[in-house]
Participant: 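So that we are looking at the same thing, I have put the structure below in structure tokens.
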Amino acid sequence: MKKALALVLCLCMVLAMCACGQTGAPTSEAPASEAPADKIDFEPQTVKLAHVAAEDSGLNQALLEFARLVNERTNGDITIDVSAGGILGTEPELKEMLSVGTIQMTSMGWSLLTNKLSYSIAYFGYYRMLDRDELNAFYDSETAQLFYDAYEKATGVRVIGHSFYQAARNLMANKPIENLDDLKGFKIRTPNGVAVDIESWSAWKCSPVPMALSEVYTALEQGVVDGVECPCSYLSNYGFADAGAKYLMISEHQIYNNLLGVNAEWFDSLPAEYQEIIIEAEKEAGELCKKLEMEQEQAYIDKMVNEQGVTVIEWSDEFKQQLKEMVAPVYEENMNLALEEAKALLG
């Protein structure tokens with residue numbers, strides 16, 4: 001009897017232990033509150049991207065698409081606030097703001113680098129590199145990377161893309177320009193701090209006047225300058241015809257893409273996945289920019305003719321070749337200086 005009772009008690013204990021084991025959660029399962037393995041631990045942020053192109057420009061529309069793509073692909077973690085039309089400052093001011101981190105991004109031409117690498121613009125010399133494939137190959141070249149590295153070391157600004165297409169630059173003036181005699185003494189606006197542009201126009205016997213693009217309208221009104229050169233979108237949107245520049249010369253003397261520059265310290269603070277998203281979004285938005293700029297260029301010319309009373313003058317191939325030969329020596333010398341400048345910054 002005692003043996004039977006002991007056997008029953010032993011059996012009860014075994015059953016109780018089995019029951020306890022079944023009610024416990026499997027040790028291999030993570031607690032319900034634990035985040036999924038692929039969730040990025042990141043505090044959502046809003047960053048600033050500023051540029052000087054007009055709100056309705058192809059560049060601005062492409063930058064808005066770039067901002068949308070980044071926001072969508074980071075699940076709302078990164079919101080990019082795009083400010084157009086130079087509302088936050090001129091190009092020199094935006095470069096300084098980017099360097100100190102007041103803004104996190106900007107988009108502008110090779111002029112982004114010219115406050116530290118002024119001679120490097122020689123690689124984009126007038127009538128020097130007018131083939132788009134050649135242009136894009138240069139942006140990806142070792143020489144360009146040398147300039148990017150030197151600029152980042154000097155300013156803390158990193159170039160992460162070059163996909164934002166811009167149409168060719170043309171000349172707008174308060175008088176018709178059709179030959180070398182018309183260029184003698186012509187007061188042309190050039191960007192601040194870019195000695196190569198001054199030398200280039202001087203080679204054509206012009207009188208360059210450096211200033212910010214935002215100052216050109218008043219300078220035209222007051223006769224401080226006679227003309228300005230930019231893509232047609234800028235020439236139209238800045239309303240230079242209303243300031244007296246009634247002649248548009250289809251000179252097509254320079255082409256370029258807009259770079260995307262970022263504050264390197266901010267960019268490095270992002271998760272690697274988000275850095276890649278930003279780089280890929282820039283390329284995709286760049287395709288949109290190319291499409292819009294190509295579609296809109298003739299529309300801007302038509303608008304200046306039909307609404308602003310502008311007369312269009314096509315420069316002949318012979319005149320362009322003449323100008324190319326005159327200015328070529330300027331670039332040969334300055335390209336060598338550009339390499340020395342970059343190497344000096346890199347130490």
Side-chain angles (χ1 to χ4, degrees), residues 45 47-53 57-74 77-84 91 94-95 97-99 101 103-117 120-121 123-124 129 132-167 231 233 255-294 342:
Q45 59 179 242
V47 299
K48 296 179 180 178
L49 190 166
H51 65 98
V52 301
S57 65
L59 174 62
N60 189 57
Q61 293 177 60
L63 289 171
L64 291 172
E65 173 64 6
F66 164 70
R68 186 193 69 79
L69 290 172
V70 171
N71 183 259
E72 178 183 89
R73 293 173 184 178
T74 61
D77 278 353
I78 299 177
T79 299
I80 300 174
D81 180 14
V82 180
S83 296
E91 282 196 348
L94 293 181
K95 285 188 268 189
M97 294 167 69
L98 185 62
S99 180
I103 62 175
Q104 287 72 43
M105 299 183 184
T106 191
S107 182
M108 60 181 75
W110 193 262
S111 57
L112 173 65
L113 280 64
T114 54
N115 59 321
K116 296 295 181 181
L117 294 160
S120 64
I121 196 69
Y123 283 84
F124 299 84
M129 187 163 49
R132 289 286 175 179
D133 291 336
E134 180 185 7
L135 177 75
N136 289 324
F138 173 76
Y139 285 124
D140 289 325
S141 69
E142 292 183 4
T143 299
Q145 190 61 52
L146 174 71
F147 294 136
Y148 301 151
D149 292 343
Y151 192 70
E152 180 175 347
K153 184 174 181 180
T155 66
V157 172
R158 183 178 303 163
V159 175
I160 62 167
H162 53 76
S163 303
F164 293 111
Y165 175 104
Q166 283 288 345
S233 58
I255 62 171
Y256 66 96
N257 292 348
N258 266 33
L259 305 174
L260 182 65
V262 299
N263 179 278
E265 183 178 358
W266 166 76
F267 193 72
D268 286 339
S269 73
L270 301 176
E273 294 92 332
Y274 287 179
Q275 293 178 16
E276 186 62 28
I277 283 171
I278 290 171
I279 290 170
E280 289 304 313
E282 187 269 349
K283 293 175 183 176
E284 289 186 38
E287 288 298 315
L288 174 63
C289 188
K290 179 179 179 179
K291 176 177 180 293
L292 292 173
E293 286 286 328
M294 293 178 70

Participant: For the residue pair Phe66 and Ile80, what are the closest heavy atoms and their distance?
Facilitator: CE2-CD1, 3.7 Å
Participant: For the atom pair OG (Ser83) and CG (Leu63), what is the distance rounded to the nearest 0.5 Å?
Facilitator: 11.0 Å
Participant: Run the salt-bridge test on Glu91 and Lys95 with the 4.0 Å N-O cut-off and return the result as yes or no.
Facilitator: no
Participant: Is any side-chain heavy atom of Asn257 closer than 4.5 Å to one of Leu135?
Facilitator: yes
Participant: For Ser163 and Glu287, does a side-chain donor sit closer than 3.5 Å to a side-chain acceptor?
Facilitator: no
Participant: Please report the interatomic distance CH2(Trp266) to NZ(Lys48), rounded to the nearest 0.5 Å.
Facilitator: 13.5 Å
Participant: Can you find a heavy atom in the side chain of Glu65 that is under 4.5 Å from one in the side chain of Leu69?
Facilitator: yes
Participant: Considering only heavy atoms from C-beta outward, does the side chain of Tyr256 approach that of Met129 to under 4.5 Å?
Facilitator: no
Participant: Check whether Asn60 reaches the backbone of Ala84 with its side chain - one donor and one acceptor, N or O, closer than 3.5 Å.
Facilitator: no
Participant: With Arg73, which of Glu273, Glu284, Glu276 fulfils salt bridge (charged side-chain N to carboxylate O under 4.0 Å, His left out)?
Facilitator: Glu284
Participant: Answer with yes or no whether the side chains of His51 and Asn258 bring together a donor and an acceptor at under 3.5 Å.
Facilitator: no
Participant: One pair to check against side-chain contact (heavy atoms from CB on, under 4.5 Å): Leu94 and Val52. What are the steps and the verdict?
Facilitator: CA-CA 9 Å; Leu94 293 181; Val52 301; 4.1 Å; yes
Participant: Once you round to the nearest 0.5 Å, how far does CD of Gln145 lie from CG of Asp149?
Facilitator: 4.5 Å
Participant: Please report the interatomic distance CD(Gln104) to CG(Leu270), rounded to the nearest 0.5 Å.
Facilitator: 9.5 Å
Participant: For Leu260, is there any backbone N or O sitting under 3.5 Å from a side-chain donor or acceptor partner on Ser107?
Facilitator: no
Participant: Please find the pair of heavy atoms, one from Ala53 and one from Leu59, that lie closest to each other, and give the distance.
Facilitator: CB-CD2, 3.9 Å
Participant: Should Val262 and Glu282 count as side-chain neighbours, where that means a heavy-atom distance under 4.5 Å?
Facilitator: no
Participant: Got a sec, which residues hit ring pair (Phe, Tyr, Trp, His ring centres under 6.0 Å) with Tyr123, two or more places apart in sequence or on another chain?
Facilitator: Phe138, Phe147
Participant: Can you see which heavy atom on Asn263 is nearest to which on Ile103, and at what distance?
Facilitator: CB-O, 4.3 Å
Participant: Report yes if the side chains of Ile160 and Leu259 come closer than 4.5 Å at any heavy-atom pair, otherwise no.
Facilitator: no
Participant: Do the rings of Tyr139 and Phe124 sit parallel, tilted or perpendicular, given the 30° and 60° boundaries?
Facilitator: tilted
Participant: Can you tell me if Ser111 uses its side chain to pair, donor with acceptor, with the backbone of Thr114 under 3.5 Å?
Facilitator: no
Participant: Between Val47 and Gln45, is there a side-chain heavy-atom distance shorter than 4.5 Å?
Facilitator: yes
Participant: Here's one to test your reading of the geometry: is the NZ or CZ of Arg158 within 45 degrees of the ring axis of Tyr151 and under 6.0 Å from its centre?
Facilitator: no
Participant: Do Trp110 and Val159 come within less than 4.5 Å of each other through their side chains, counting heavy atoms only?
Facilitator: no
Participant: Tell me the closest heavy-atom pair linking Val82 and Ala67, and the distance in Å.
Facilitator: CG2-CB, 4.0 Å
Participant: I need the minimum non-hydrogen distance between Gln166 and Ser233, along with the two atoms involved.
Facilitator: OE1-OG, 4.3 Å
Participant: So, taking the atom named CG in Leu113 and the one named CE in Met108, what distance separates them when rounded to the nearest 0.5 Å?
Facilitator: 10.0 Å
Participant: Would you say Asn71's side chain and Ile78's backbone share a donor-acceptor pair under 3.5 angstrom?
Facilitator: yes
Participant: Taking the side chain from Glu293 and the backbone from Tyr165, do they hold a donor-acceptor pair closer than 3.5 Å?
Facilitator: no
Participant: Determine whether more than 12 heavy atoms belonging to other residues, nucleotides or ligands lie under 6.0 Å from atom CD of Glu280.
Facilitator: yes
Participant: Between Ser99 (side chain only) and Thr155 (backbone N and O only), is there a donor and an acceptor less than 3.5 Å apart?
Facilitator: yes
Participant: Report the distance from atom CD of Glu142 to atom OH of Tyr148, rounding to the nearest 0.5 Å.
Facilitator: 13.0 Å
Participant: Just do the side-chain contact (heavy atoms from CB on, under 4.5 Å) check on Thr106 and Leu112 with the steps written out, would you?
Facilitator: CA-CA 9 Å; Thr106 191; Leu112 173 65; 3.9 Å; yes
Participant: Using every non-hydrogen atom in the two residues, find where Ile277 and Val70 come nearest and quote the distance to one decimal.
Facilitator: CG2-CA, 4.3 Å
